[in-house]
Number of protein chains: 2
Amino acid sequence: MSGPKRPTDAETEILRVLWERGPSTVREVHGALEAQRGTGYTTVLKLMQIMAQKGLAARDERKRSHVYRPLVDREGVEEGLVGDLIDRVFDGSASELVVRALSSKPASTEELSALQAMLGDLIAAREEGEEEGR
Amino acid sequence: MSGPKRPTDAETEILRVLWERGPSTVREVHGALEAQRGTGYTTVLKLMQIMAQKGLAARDERKRSHVYRPLVDREGVEEGLVGDLIDRVFDGSASELVVRALSSKPASTEELSALQAMLGDLIAAREEGEEEGR
DNA sequence: TTAAGTCAACGAAAGTCTTCGTACTTAATC
DNA sequence: GATTAAGTACGAAGACTTTCGTTGACTTAA
C-alpha cells in the first residue's frame, strides 16, 4: 500500500545508470557516475543498499559482487517526476509546463516539428474516438 | 555570485501565493495555504523569514504585520525548476519531457491544439530568421 | 489598568538526504 | 599460512527542510 514516492536526486541518478546499462554492480555504477561526479565508492554502495531496501532496486547476491537491477520502470518514474512538478507548480496544467520547458531549453527546429506532428496525431486519434462514440 | 538555487517545495508553495495575491502578510499566506494543507501559523512565519534571509522575498516592516513580496519572478523560477528536471532526468532534451508530460497529465483537445499552434508559430519564426540571415 | 488577542523572534526537535570512515568478510596471490 | 585486494555492512556526521512550542512585545477592549 505504500505510496509511490518519487526517488531522490541521487537515487534518480543511479536509476538512470541502471536503466542504461542494465543490471550492474556497485563498481560499475560508481564508474559510470564518477565520470560526471566525484562521489565515493561507499557512498554509491550505501545509496544502492537503501534503494534495495526501499524497493527501487533488487539485488542478486549469488556472486560476490552483488548485481543490482531496477525495480521501477523508467516511463513510470519520469511520469511521476513530471506529474509532481505539474501539480506543484503548474496547477495541473501540462501545457503550462510545456511552455516553460520550451523557453527554458529551446529545442531544435526538427524536434519542434516532430512534437507538432505528435500533437497532430494525438488530436486526430481523439477526433476518431469521438466519431466512434456516436 | 550566488548560484540561483531552486526553492524548496514549501518555499515554492509560498511563492505561488505571493505571486497570486501580491504582497501579503504571514497571516494572509497562512490563510491561503490552510485551505489546502494543515500547516501551522508559526511554520509559515518561519519559512517566510528564511525566504527573506535567502533573498527569495523582501519584507516591509513598517506596519506591525510585516508585508512580504516575492523577489524572484515566476517565469524564472518555473524555468529553473523545469530546466533542472530536463537536465537531471531527460538528458537536456525538452521534447522528451514534453512527451512524458502529456502521458502523465493528458491535456484537453483544445490545449493540444493551442500547443500545436504555438509550435507552428515558433517554427515559422525560426524560418523567418533563417531568411534574414542570408 | 488589566486582560485578551495578535504578532515577530527564536530555538529546538524531528525527519531526510548525502557523504564517508571504519570494520569485517572473502578471495586471490605470494 | 600470510598478505594484499575487493567487497559488503554499519554507523555516524553534516547539511538541509519542515515543524512547532514558547517567549516577549505591542494593541485593543473592557
Measure the distance from CZ on B:R88 to C1' on C:dT18 and round it to the nearest whole Å.
14 Å

Short N/O separations, protein against nucleotides 15-22 of chain D, under 3.5 angstrom:
from	atom 1	to	atom 2	distance (Å)
D:dT17	OP2	B:K54	NZ	3.4
D:dT18	OP1	B:A10	N	3.2
D:dT18	OP2	B:T8	OG1	2.5
D:dC20	OP2	B:G40	N	3.1
D:dC20	OP2	B:T43	OG1	3.0

What integer distance in Å separates A:L45:CG from C:dT18:C1'?
14 Å

Please tell me if the side chains of A:V44 and A:M48 come closer than 4.5 Å, counting only heavy atoms from C-beta onward.
yes

Value in whole Å for how far the P atom of C:dC17 lies from CD of A:E13
15 Å

Assess whether salt bridge (Lys or Arg N to Asp or Glu O under 4.0 Å) is satisfied between B:E11 and B:K54, documenting all intermediate values.
CA-CA 11 Å; B:E11 285 166 353; B:K54 283 186 182 177; 2.7 Å; yes

Tell me whether B:S24 contacts the main-chain N or O of B:G22 through its side chain, where contact means a donor paired with an acceptor under 3.5 Å.
yes

Does the ring of B:F90 carry B:R100 above it, NZ/CZ under 6.0 angstrom from centre and within 45° of its axis?
no

A:M48 has an atom CE; how far is it from atom C1' of C:dC17, in whole Å?
17 Å

Could you tell me whether the side chains of A:E79 and B:S104 share a donor-acceptor contact shorter than 3.5 Å?
no

Output yes when a side-chain donor or acceptor of A:E96 lies under 3.5 Å from a complementary backbone atom of A:S93, and no otherwise.
no

When you measure from the side-chain N and O atoms of A:R64 to the phosphate of D:dA6, is any distance below 4.0 Å, counting only OP1 and OP2?
no

Tell me whether the side-chain N/O atoms of A:Q49 come closer than 4.0 Å to OP1 or OP2 in D:dT8.
no

Quickly work out the B:H66 NE2 to D:dT27 P distance and round it to whole Å.
12 Å

Between P on D:dT8 and CZ on A:R62, what's the gap in Å once rounded to a whole number?
15 Å

Rounded to whole Å, please give me the gap between OH in B:Y68 and C1' in C:dC7.
11 Å

Would you say D:dG7 has OP1 or OP2 under 4.0 Å from some side-chain N or O of A:R27?
yes

Which whole-number value in Å describes the distance from B:D60 CG to C:dA8 P?
12 Å

Check this for me: does any side-chain nitrogen of one of B:E61 and B:R59 sit under 4.0 Å from a carboxylate oxygen of the other?
yes

